[in-house]
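Here is the structure we will look at.
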Amino acid sequence: MVREIRQSELNELLELYTHLHESGVPENSDHLNKTWKTICNDNNHHIIVCEVDGKIVSSCVCVIIPNLTRKIRPYAFIENVVTHTDYRGKGYATACLNLAKWIAQNENCYKMMLLTGSKKESTLSFYKNAGYNSTDKTAFIQWL
């Protein structure tokens, strides 16, 4: 089942993120809980999950960004695409990305953007097969 996350599922999401690039789950703190509450209360912030047998096995984040160009149409930014190692290759991340696309279309977005730090051909092919391209724009990142 693909759906938006429930507020009570923070710990499951944080465990899933250990399959992304996190080395562990952050310590429960006021900062963590405040950040989670802010995300949950933001109507433009969508955390999409795929649940299999009661377990969250895949996720992505879709943030709708209001915009003053392109006829005042927003755009969507996709981040933190991850699938639990034991569940990869079964279409779960694709299902999450499809729901993100549906949300973006319903919000009248004119584009979706996604960045990946991966150079693996399998990852790049996955995003290309999901409808993304790496030819229209050049991404630059400045780490702070």
Side-chain angles (χ1 to χ4, degrees), residues 2-7 9-52 55-144:
V2 180
R3 59 175 171 78
E4 290 202 48
I5 198 162
R6 298 180 190 110
Q7 191 165 354
E9 296 174 317
L10 173 59
N11 290 334
E12 291 178 73
L13 181 65
L14 294 175
E15 285 290 335
L16 179 63
Y17 282 169
T18 64
H19 295 267
L20 183 61
H21 51 65
E22 300 299 319
S23 59
V25 175
E27 182 179 321
N28 191 351
S29 66
D30 288 339
H31 180 60
L32 173 65
N33 291 316
K34 182 179 178 184
T35 301
W36 181 238
K37 185 176 180 181
T38 298
I39 289 169
C40 290
N41 289 330
D42 183 349
N43 291 331
N44 287 324
H45 202 129
H46 305 270
I47 298 180
I48 298 160
V49 297
C50 181
E51 179 184 332
V52 175
K55 178 179 178 154
I56 293 176
V57 300
S58 190
S59 179
C60 74
V61 173
C62 175
V63 179
I64 307 300
I65 302 170
N67 182 40
L68 295 173
T69 64
R70 304 286 180 155
K71 300 182 181 177
I72 315 173
R73 291 176 66 193
Y75 57 93
F77 186 75
I78 307 301
E79 184 63 274
N80 297 335
V81 180
V82 60
T83 300
H84 187 289
T85 308
D86 296 341
Y87 292 84
R88 291 183 181 164
K90 296 177 172 42
Y92 300 134
T94 299
C96 289
L97 290 175
N98 287 341
L99 180 53
K101 183 177 181 179
W102 182 86
I103 290 169
Q105 289 171 324
N106 274 358
E107 293 293 332
N108 196 32
C109 292
Y110 77 94
K111 71 177 178 182
M112 296 176 70
M113 295 187 301
L114 179 150
L115 298 174
T116 181
S118 177
K119 306 295 184 214
K120 291 172 36 179
E121 189 55 42
S122 60
T123 302
L124 302 178
S125 292
F126 166 74
Y127 289 127
K128 287 175 186 173
N129 289 336
Y132 295 86
N133 75 69
S134 59
T135 57
D136 289 346
K137 298 249 181 185
T138 301
F140 291 90
I141 295 175
Q142 185 178 82
W143 297 102
L144 304 175

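Everything numeric here is computed off the predicted structure, so don't read it as measured data.
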Nearest heavy-atom neighbours spanning Glu4 and Leu99: N-CD2, 4.5 Å
Steps toward side chain to side chain contact (heavy atoms under 4.5 Å, CB included) verdict (Asn80, Ser59): CA-CA 7 Å; Asn80 297 335; Ser59 179; over 6 Å; no
Taking every non-hydrogen atom, the tightest pair across Val82 and Ser58: O-OG, 3.0 Å
Any side-chain heavy-atom pair of Tyr127 and Thr123 under 4.5 Å: yes
Distance (rounded to the nearest 0.5 Å) between Asn129 CG and Leu124 CG: 11.0 Å
Gap separating the CG atom of Asn98 from the CD1 atom of Ile103, nearest 0.5 angstrom: 11.0 Å
Over 12 foreign heavy atoms within 6.0 Å of CG, Asp30: no
Close side-chain approach of Thr116 and Phe126, heavy atoms under 4.5 Å: no
Main-chain N/O of Ile48 paired with His46 side-chain donor or acceptor, under 3.5 Å: no
Non-hydrogen side-chain atoms of Cys60 and Leu97 separated by less than 4.5 Å: yes
Side-chain donor or acceptor of Asn44 paired with backbone N/O of Ile65 under 3.5 Å: no
Spacing of Ile5 atom CD1 and His45 atom NE2 [to the nearest 0.5 Å]: 10.0 Å
Residues forming a side chain to side chain donor-acceptor pair (under 3.5 Å) with Arg3, sequence neighbours excluded: Glu9, Glu51
Worked check of side chain to side chain contact (heavy atoms under 4.5 Å, CB included) between Glu27 and Leu32: CA-CA 8 Å; Glu27 182 179 321; Leu32 173 65; over 6 Å; no
Side-chain heavy-atom pair Leu13, Trp36 within 4.5 angstrom cut-off: yes
Gap between atom CG of Asn28 and atom CG of Leu10 - 0.5 Å precision: 8.0 Å
Counterpart residues, side-chain contact (heavy atoms from CB on, under 4.5 Å), relative to Ala76 (two or more places apart): Cys62, Ile64, Ala104, Cys109, Met112
Spacing of CD belonging to Glu107 relative to CZ belonging to Arg73, to within rounding of 0.5 Å: 12.0 Å
Distance in Å, Lys111 NZ paired with Asp136 CG, rounded so as to fall on 0.5 Å steps: 9.5 Å
Close side-chain approach of Ile39 and Val61, heavy atoms under 4.5 Å: no
Nearest heavy atoms of Thr83 and Leu16, plus distance in Å: C-CD1, 4.1 Å
Sidechain-backbone polar pair: Thr18 side chain, Ser23 backbone, donor-acceptor under 3.5 Å: no
Close side-chain approach of His84 and Lys55, heavy atoms under 4.5 Å: yes
Within 6.0 angstrom of Asn43 CG, more than 12 heavy atoms from elsewhere: no
With Lys90 via side-chain contact (heavy atoms from CB on, under 4.5 Å) - residues at least two apart: Tyr92
Validation row: Val49, Glu12 side chains within 4.5 angstrom (heavy atoms): no
